[in-house]
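A short worksheet on the structure shown next.
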Amino acid sequence: MSSTDSETTDSATPLDFIRDIVTSDIRAGKDAGRVHTRFPPEPNGYLHIGHAKSICLNFGVAREFGGRCNLRLDDTNPAKEDTEYVDAIQRDVRWLGFEWSALFYASDYFELMYQYAEQLIRDGKAYVDSLNADEMREHRGTLTEPGRNSPYRDRTTEENLDLFRRMRAGEYPDGTHVLRARIDMASPNINMRDPTLYRIRHDDHHRTGNAWCIYPSYDYAHPISDALEGITHSLCTLEFEDHRPLYDWCVENVRARAAELTSRPRQIEFARLNLNYTVMSKRKLLTLVEQQLVNGWDDPRMPTIAGLRRRGYTPEAIRDFCSRIGVAKKENVIDVALLEHTVREDLNRRAQRALAVLRPLKVVIENYPEGRVEQLNATNNPEDASAGTRSIPFSRELHIEREDFMEEPPKKFFRLSPGTEVRLRYAYILKCERVVKDTAGAVVELRCTYDPESLSGSTAGRRVKGTIHWVSATHARDAEVRLYDRLFLSEDPGEGGRDPLVDLNPTSLERLISVKVEPALADADAGTRFQFERQGYFCVDPDSRPEAPVFNRTVTLKDGWARIAGRK
RNA sequence: UGGGGCGUGGCCAAGCGGUAAGGCGCGGGACUUUGGCUCCCGUAUUCGGAGGUUCGAAUCCUCCCGCCCCAACCA
């Protein structure tokens with residue numbers, strides 16, 4: 001396996017308990033020193049940032065130890081799965097910078113799994129049960145009481161085989177029979193109380209069509225898939241810890257009769273990622289999409305890989321995030337500020353700078369000649385000299401940011417107010433002489449003067465406290481900007497079992513439709529990222545057209561002024 | 001009242017018997033034509049609690065407390 005993106009930008013991956021285990025396994029000569037992992041998503045939704053943690057772990061471990069990592073679509077439940085999802089999953093894994101050693105589907109193994117199941121029956125390790133779901137639940141017992149054997153538990157091998165074959169042949173409707181492992185109905189581990197191996201589902205499968213009407217359960221399909229692929233370390237999340245004895249049971253009992261299964265994969269569990277102000281379950285994300293509370297799986301407010309991509313996140317930032325959060329067994333809730341920090345850090349060194357005025361306020365420079373236009377020199381990226389410079393037009397009428405002017409400024413306000421001066425970025429020092437208001441008293445225009453001797457870079461050496469961005473009114477292009485805020489107001493949406501939807505942030509999306517941007521911006525391709533100086537990082541949305549450019553705000557810049565102002 | 005896990009600063013996380021790394025966040029300062037970036041400095045006398053072993057314990061032992069997961073023919 002390999003990584004398609006530069007790895008040098010990622011900070012060194014720290015060791016964690018899983019890498020410790022792999023290291024000692026190699027040292028002990030297990031699996032002849034082979035390391036083989038797999039990333040096994042179910043194609044029933046889009047991948048999210050939590051999956052990114054698993055992807056980075058599985059592909060990362062394989063890469064670091066010279067091993068392999070498969071992508072396996074765990075498609076054992078036709079009712080929920082769809083090819084749209086299998087395509088999206090592959091696209092997102094690749095975009096994150098990983099390439100699988102091999103691509104498999106659990107459904108590739110349906111015939112083999114079926115044969116193994118028949119062998120289990122012949123070995124007396126599985127039986128067909130004809131209890132319905134309710135009856136099965138009653139027989140299962142409770143957390144503190146053992147279960148009771150099903151009256152069908154002691155059917156003969158011949159009867160079980162016959163029934164199972166007829167299940168496959170489609171002779172029975174959904175829910176009438178299941179194949180169960182014969183383990184121990186009194187086990188203190190409920191997962192070992194004769195778990196279901198196969199159920200009847202007369203559903204078309206996205207890959208196998210109508211070839212099957214019985215489908216293996218996760219608990220049966222997963223260990224066998226791992227064993228068939230020669231997986232050595234099967235990494236999954238904590239909630240499967242209780243399933244490990246069953247995982248081992250399947251591997252052992254199937255291996256005993258299947259010479260081709262040479263490997264004995266080991267399941268290791270780690271804590272899934274949780275992010276504050278975010279929901280992470282595919283079920284909840286599906287609800288947001290279906291109820292149209294967001295604009296699809298790739299809505300920039302979604303924690304999906306597709307959403308983050310459209311929002312302007314880079315694969316490098318996401319990988320860096322995943323390496324910083326660590327891998328452990330402790331339940332965790334990562335502060336979304338860490339995710340934001342990793343994009344800022346990445347984009348700060350990569351994104352070209354630009355001037356854009358989100359909420360324009362008109363400025364007329366009374367002592368600047370009418371009709372005159374100067375081309376001023378601007379730095380494309382102060383963090384990267386090779387990014388070069390560009391020229392931007394300056395003229396008598398400008399737009400500045402409304403919030404950069406205050407008629408009655410508080411102390412420490414270093415921007416524009418009546419009678420004060422600011423530097424116009426890359427241009428001159430500007431002084432506010434007069435405020436023009438409409439009949440309602442709202443400020444509609446500023447009449448200003450400039451200091452012709454103060455051009456940026458000149459030797460005048462005069463300094464003012466503040467610098468603001470601007471754009472020439474006659475040259476500016478109009479654009480739409482979409483400002484995103486967190487989707488949920490609560491740090492823990494749905495906390496205490498309430499509906500997470502009541503925690504939705506009603507203003508998570510704000511569209512600004514008359515943003516003024518410097519001319520060159522309008523022609524940028526979808527996906528291009530910029531820093532709008534003093535504002536944040538923005539990314540050209542796929543909806544963007546040259547005559548109607550659209551930018552998504554990826555993340556704001558850190559705002560020291562907001563912090564100071566907020567204290568008062 | 002069963003079983004499986006987990007408890008180190010606000011959030012993560014190293015640590016594996018020799019005297020608490022690092023990151024994010026937060027606070028202060030320097031620098032600054034982005035109130036960005038960068039750079040300094042500060043931020044756990046203590047590791048869920050109580051006992052015990054030891055010259056020495058976050059690390060070993062005992063008991064206790066708290067939190068999470070498991071009773072789908074989901075994964």
Side-chain angles (χ1 to χ4, degrees), chain A residues 11 14-16 20 40-42 44 74 76-77 79-80 129 131-133 136-138 140-147 174-180 187-193 195-201 214-215 217-219 221-222 236-245 269 271 273 276 282-283 321 323-342 344-345 348-349 353 355 379 382-383 412-415 422-427 429 454 456-457 463-469 531-536 556-565:
Chain A
S11 47
L15 253 36
D16 51 66
D20 286 345
E42 182 187 12
N44 66 345
D74 207 351
T76 58
N77 186 357
K80 295 184 178 177
D129 197 357
L131 255 24
N132 64 39
M136 261 181 78
R137 187 173 343 102
E138 286 164 25
R140 188 152 30 231
T142 67
L143 295 179
T144 53
E145 301 156 21
D174 290 6
T176 50
H177 306 281
V178 294
L179 183 73
R180 290 232 250 171
S187 172
N189 180 348
I190 291 181
N191 296 294
M192 297 298 270
R193 318 240 263 230
T196 298
L197 268 23
Y198 269 90
R199 72 282 208 197
I200 301 171
R201 278 254 202 293
I214 58 172
Y215 293 92
S217 65
Y218 167 87
D219 282 319
H222 205 85
C236 65
T237 44
L238 253 28
E239 67 270 26
F240 294 105
E241 218 150 14
D242 288 340
H243 295 239
R244 196 189 327 135
E269 310 85 12
L273 166 67
N276 57 13
K282 277 197 270 189
R283 201 195 92 249
F321 171 76
S323 90
R324 289 192 196 216
I325 59 178
V327 179
K329 296 196 72 156
K330 199 184 78 168
E331 300 275 0
N332 59 81
V333 182
I334 306 294
D335 193 335
V336 70
L338 179 61
L339 218 210
E340 295 175 345
H341 173 264
T342 60
R344 285 196 188 101
E345 189 174 75
N348 175 52
R349 58 178 173 245
R353 313 286 124 124
L355 301 185
T379 304
E383 309 292 322
K412 296 281 187 71
F413 184 79
F414 301 142
R415 284 111 96 150
V422 275
R423 161 136 248 139
L424 292 170
R425 178 77 160 153
Y426 301 124
I429 290 173
S454 66
S456 183
R463 287 189 174 186
V464 290
K465 229 17 176 142
T467 300
I468 64 173
H469 59 281
Q531 183 199 97
F532 289 174
E533 295 208 31
R534 304 209 309 132
Q535 295 287 171
T556 62
L557 249 29
K558 283 208 275 188
D559 189 346
W561 167 243
R563 194 170 292 146
I564 294 165

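Chain letters run A, B, ... following the sequence lines, proteins first and then strands; every chain starts at 1. All heavy atoms count here, side chains included; hydrogens, waters and symmetry mates do not.
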Query raised in the report: Heavy atoms under 4.0 Å, any strand shown: does A:Asn332 hit a base, just sugar-phosphate, or nothing?
Result: sugar-phosphate

Query raised in the report: Under 4.0 angstrom, heavy atoms only, what part of the nucleic acid is A:Thr196 near: base, sugar-phosphate, or nothing?
Result: sugar-phosphate

Query raised in the report: So does A:Arg344 reach the base of B:G36 with its side chain, donor to acceptor, closer than 3.5 Å?
Result: no

Query raised in the report: So what does A:Leu143 touch, heavy atoms closer than 4.0 Å: a base, only the sugar-phosphate, or nothing?
Result: base

Query raised in the report: Considering only side-chain heavy atoms of A:Asp242, which listed nucleotide, B:G3, B:C6, B:G35, is closest?
Result: B:G3

Query raised in the report: Which part of the nucleic acid, if any, lies within contact of A:His469, taking any heavy atom under 4.0 Å across all strands shown: a base, the sugar-phosphate backbone alone, or nothing?
Result: nothing

Requested in this report: From the options B:A72, B:G3, B:C6, select the nucleotide whose nearest atom is closest to the side chain of A:Arg140.
Outcome: B:A72

Report task. State which of B:C70, B:A75, B:U34 makes the closest approach to the side chain of A:Arg199. Result -> B:A75

Query raised in the report: Has A:Tyr218 got its ring stacked on the base of B:A75, with centres under 5.5 Å and planes less than 30° apart?
Result: no

Report task. Write down the distance between CG (A:Asp559) and C1' (B:C37), rounded to a whole number of angstrom. Result -> 14 Å

Query raised in the report: For the pair made of CZ in A:Arg193 and P in B:G2, what is the distance, rounded to whole Å?
Result: 13 Å

Report summary line: Quick note, A:Glu383 side chain, CB onward, closest among B:C37, B:U1, B:G4 is B:C37

Query raised in the report: Given atom CD of A:Glu269 and atom C1' of B:C70, what is their separation to the nearest angstrom?
Result: 13 Å

Requested in this report: Identify which nucleotide among B:G35, B:C6, B:A75 has an atom closest to any side-chain atom of A:Ser217, counting heavy atoms from C-beta outward.
Outcome: B:A75

Query raised in the report: Which nucleotide in the list B:A14, B:U8, B:G25 gets nearest to the side chain of A:Lys558?
Result: B:G25

Query raised in the report: Has the side chain of A:Asp335 got a donor or acceptor that lies under 3.5 Å from a partner of the other kind on the base of B:G25?
Result: no

Query raised in the report: Which listed nucleotide (B:A13, B:C73, B:G35) is nearest to the side chain of A:Ala328?
Result: B:A13

Requested in this report: Under 4.0 Å between any heavy atoms, over every strand shown, what does A:Gln531 touch: base, sugar-phosphate, or nothing? Just pick one.
Outcome: base

Query raised in the report: Counting any heavy atom closer than 4.0 Å, what does A:Glu42 reach on the DNA or RNA strands: base, sugar-phosphate only, or nothing?
Result: sugar-phosphate

Report task. Would you indicate whether the side-chain heavy atoms of A:Thr467 and A:Val422 approach each other to under 4.5 Å? Result -> no

Report summary line: The nucleotide from B:U8, B:G25, B:G5 with an atom nearest the side chain of A:Lys330 is B:U8

**Report entry** Mate of B:U62 where both pairing distances stay under 3.5 Å, Watson-Crick or G-U
**Finding:** B:A50

